[in-house]
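Below is one structure; the comments refer to it alone.
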Amino acid sequence: MTLNYKNVVHKMRRLSPVLNTLYIKELNELWTEEGEIPPHVAFGNILNPYLINLLQANHELTKGEEKLLDMIFGFIEQMALSNDGDVRNVVSVTVMARLGDDSTVLTNALKYLGEQTQVLSKEIEASYGRSGNLKILDSTIGKL
């Protein structure tokens, strides 16, 4: 099945039982009228907090968490490579922009970023004028 804006949330939910549980909780609490959560909201309210929690400086990762991060960022790379511009937009303005809000989180995420995700991250950091993050990205990309 090709990755597109209509199925990207479903595919995110299948990455991990934890993400699916968080999705159902969010759906039951806030989205009972709609029946499903739109992609930008699902990634912003569910995936981002989960990623940020794992990528914070004070969090020592287990091997299982590292494996899960590899899998999640592999999926985000697939999204970044999608032919669907709306899917790429979710990566840029919802995921990478939020990870860039905290330079430590962004730095910790760097070892998991794929080539196209790095490109989108640099684009969003440049558009936000976050020169410190651009320096972080420039100093590590290509060396990973």
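The first residue of the sequence shown is numbered 1, and numbering continues consecutively from there. Heavy atoms only: backbone and side chains are in, while hydrogens, waters and symmetry mates are out.
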Search all heavy atoms of Val93 against all heavy atoms of Ile124 and return the closest pair with its distance. CG1-CD1, 3.9 Å

Gap separating the CZ atom of Arg14 from the CG atom of Asn7, nearest 0.5 angstrom: 10.0 Å

Derivation of the side chain to side chain contact (heavy atoms under 4.5 Å, CB included) call for Leu137 and Gln118: CA-CA 8 Å; Leu137 290 163; Gln118 293 172 12; 5.7 Å; no

Measure from the side-chain N and O atoms of Asn133 to the backbone N and O of Gly100, and report whether any donor-acceptor pair falls under 3.5 Å. yes

Test Met79 against Phe43 for side chain to side chain contact (heavy atoms under 4.5 Å, CB included), laying out the working first. CA-CA 12 Å; Met79 292 173 63; Phe43 281 79; 3.6 Å; yes

Which heavy atom of Val90 sits nearest to which heavy atom of Pro39, and what is that distance? CG2-CB, 4.0 Å

Rounded to the nearest 0.5 Å, how far does CG of Leu110 lie from CG of Leu55? 9.5 Å

Within one Ile-Leu-Val-Met-Phe-Trp-Tyr cluster: Leu22 and Val9, side-chain cutoff 4.5 Å: yes

Please lay out, stage by stage, how Gln78 and Val87 fare under the test side chain to side chain contact (heavy atoms under 4.5 Å, CB included). CA-CA 10 Å; Gln78 287 179 337; Val87 172; over 6 Å; no

Tyr112 and Phe73 aromatic ring geometry - parallel, tilted or perpendicular at 30°/60° bounds: parallel

Side chain to side chain contact (heavy atoms under 4.5 Å, CB included), that's the test. Do Thr117 and Met96 meet it? Break it down for me. CA-CA 8 Å; Thr117 312; Met96 297 316 301; 3.6 Å; yes

Going from CD1 on Ile72 to CG on Leu54, what distance comes out if it is rounded to the nearest 0.5 angstrom? 7.0 Å

Distance check, rounded to the nearest 0.5 Å: Ser121 atom OG versus Gln116 atom CD? 11.5 Å

Does the distance from a Lys or Arg side-chain N to an Asp or Glu carboxylate O, for Arg130 and Asp101, drop under 4.0 Å? yes

I'd like to know whether Lys6 forms a salt bridge (charged side-chain N to carboxylate O under 4.0 Å, His left out) with Asp84, so could you lay out the CA-CA distance, the side-chain angles of the two residues, the decisive distance to 0.1 Å, and finally the verdict. CA-CA 10 Å; Lys6 291 185 184 266; Asp84 188 328; over 6 Å; no

Looking at Glu115, I want to see if its CD is surrounded by more than 12 non-hydrogen atoms of other residues, nucleotides or ligands under 6.0 Å. no

Return the minimal non-hydrogen interatomic distance between Ala126 and Leu134, and the atom names on each side. CA-CD1, 3.8 Å

Closest non-hydrogen contact found for Lys111 with Glu66 is NZ-OE1, 3.9 Å

To the nearest 0.5 Å, how far apart are CG in Leu47 and CZ in Phe75? 8.5 Å

Using modelled atom types only, decide if a donor and an acceptor are shared between the side chain of Glu125 and the backbone of Lys122 within a distance under 3.5 Å. no

Between Met71 and Val18, is there shared hydrophobic-cluster membership here, with clusters defined by ILVMFWY side-chain heavy atoms closer than 4.5 Å? yes

Within-4.5 Å side-chain heavy-atom neighbours: Gln56 and Thr104: no

Please check if the side chain of Asn48 supplies one atom and the backbone of Thr94 the other of a donor-acceptor pair under 3.5 Å. yes

Identified side-chain contact (heavy atoms from CB on, under 4.5 Å) counterpart of Val8 within the set Val91, Asp86, Leu3: Leu3

Would you check if Ile52 and Arg98 make a side-chain contact, meaning some heavy-atom pair closer than 4.5 Å? yes

Backbone of Ile37 reached by a side-chain donor or acceptor of Tyr23 within 3.5 Å: yes

Run the side chain to side chain donor-acceptor pair (under 3.5 Å) test against Asn20 and tell me which residues pass, sequence neighbours left out. Arg13

Check: Leu81 main-chain N/O paired with Arg88 side-chain donor or acceptor under 3.5 Å: no

Contact between Asn89 and Leu120 at the side-chain level, heavy atoms closer than 4.5 Å - yes or no? no

Taking all non-hydrogen atoms of both residues into account, name the closest pair between Pro49 and Gly44 and its distance. CD-O, 3.3 Å

Enter the distance from Glu77:CD to Asp70:CG here, rounded to the nearest 0.5 Å. 12.5 Å

Treating Ser139 as the side-chain partner and Lys135 as the backbone partner, does any N or O pair qualify as donor plus acceptor under 3.5 Å? yes

